[in-house]
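A short write-up of the structure that comes next.
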Amino acid sequence: QVQLVESGGGLVQAGGSLRLSCAASGRTLRTYGMGWFRQAPGKEREFVAAITWPGGSTYYADSVKGRVTISRDDDKNTVYLQMNSLKVEDTAVYYCAAGRSERGLLAVRADYWGQGTQVTVSS
C-alpha cells in the first residue's frame, strides 16, 4: 500500500503563492506517476497536474498552465505543487494521488489518494 499525506494548503490572497507537499509512505513512488487534483464545492474533482516516469514528463490543466509547477524529490518520497499567481477560482481541496497509469491520472483515476488539503484564495 501507499499512504499519501498532503500539506501546505492555507489562505492566500489572489496573486499570491503556495507550495503543496505530498509525503508518501509505503511503496516507493519511483515507479508511479503522481498527480495533483482539486475539488471545489459542488464541482467534480478535476485534474491539475501530473508528473510521469521514467522521463519525468509533466502535464498541466489548461486552467493552471503557466502558474503551477509539479516536481518530485525521490529521496524524500515527496511530490510538490508550486502554485503562483493564484486566482479566486483556484479555491478548492487539493488532493495528491499516485497511479500506475499516467493516462489514468489525466482522467482523474488513481490507485492511491491523499486526504486533501484546503486552498482558499481571497480577493
Side-chain angles (χ1 to χ4, degrees):
Q1 289 187 330
V2 173
Q3 290 79 45
L4 306 173
V5 180
E6 302 97 330
S7 62
L11 193 154
V12 63
Q13 288 194 224
S17 299
L18 284 174
R19 191 182 195 189
L20 307 183
S21 299
C22 174
S25 62
R27 297 181 182 180
T28 180
L29 298 179
R30 188 175 302 274
T31 61
Y32 283 77
M34 299 293 300
W36 284 95
F37 308 81
R38 67 187 183 187
Q39 187 167 18
K43 295 184 178 181
E44 300 287 340
R45 187 172 300 185
E46 65 178 350
F47 167 79
V48 175
I51 184 165
T52 63
W53 74 272
S57 299
T58 57
Y59 301 87
Y60 299 97
D62 289 340
S63 59
V64 301
K65 192 175 299 182
R67 300 189 296 116
V68 309
T69 302
I70 187 170
S71 61
R72 64 193 299 167
D73 186 333
D74 291 333
D75 290 336
K76 296 182 178 180
N77 219 21
T78 301
V79 178
Y80 304 95
L81 186 72
Q82 177 67 46
M83 303 190 294
N84 302 317
S85 301
L86 284 165
K87 305 175 180 179
V88 172
E89 50 264 43
D90 293 321
T91 296
V93 176
Y94 283 71
Y95 297 89
C96 174
R100 288 166 288 182
S101 169
E102 301 89 9
R103 300 184 189 277
L105 292 176
L106 299 178
V108 200
R109 291 185 284 106
D111 297 296
Y112 305 98
W113 293 89
Q115 84 288 351
T117 184
Q118 177 71 47
V119 171
T120 302
V121 183
S122 62
S123 60

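Distance alone, capped at 3.5 Å, places no donor-acceptor pair between the Thr52 side chain and the Gly33 backbone. In this structure, Asp111 contributes its side chain and Arg100 its backbone to a donor-acceptor pair below 3.5 Å. A side-chain donor-acceptor contact under 3.5 Å links Tyr60 to the backbone of Ile70. Judged by distance alone, the side chain of Asp73 and the main-chain N or O of Thr78 form no donor-acceptor pair under 3.5 Å.
Tyr32 contributes atom OH, which lies 4.0 Å from atom OH of Tyr112 (distance to the nearest 0.5 angstrom). Here Thr91 contributes atom OG1 and Gln118 contributes atom CD; the two are 7.5 Å apart, rounded to the nearest 0.5 Å. The distance from the CD1 atom of Ile51 to the CG atom of Leu105 is 11.5 Å, given to the nearest 0.5 Å. Rounding to the nearest 0.5 angstrom, the gap separating the CD atom in Gln115 from the CD atom in Gln3 is 11.5 Å. The structure places OG1 of Thr117 at 8.5 Å from CG of Leu18, a figure rounded to the nearest 0.5 Å.
A side-chain hydrogen bond (donor to acceptor under 3.5 Å, both in side chains) check over residues 12-22, counting only residues at least two apart or in different chains, returns the pairs Ser17-Asn84. Applying the disulfide bond (SG atoms under 2.5 Å apart) test to every pair with at least one member in residues 80-123, sequence neighbours left out, gives these pairs: Cys22-Cys96.
Checking each of Met83, Gln82, Glu6 against Leu20 for a side-chain contact (heavy atoms from CB on, under 4.5 Å) leaves exactly one that passes, namely Met83.
Residues passing the salt bridge (charged side-chain N to carboxylate O under 4.0 Å, His left out) test with Lys65, sequence neighbours excluded: Asp62. In this structure, Arg109 has no side-chain hydrogen bond (donor to acceptor under 3.5 Å, both in side chains) partners at least two apart in sequence or on a different chain. With sequence neighbours excluded, the residues forming a side chain to side chain contact (heavy atoms under 4.5 Å, CB included) with Arg45 are Phe37, Gln39, Tyr95, Val108, Trp113, listed by chain and number. Here Ser71 pairs with nothing under the side-chain hydrogen bond (donor to acceptor under 3.5 Å, both in side chains) rule; sequence neighbours left out.
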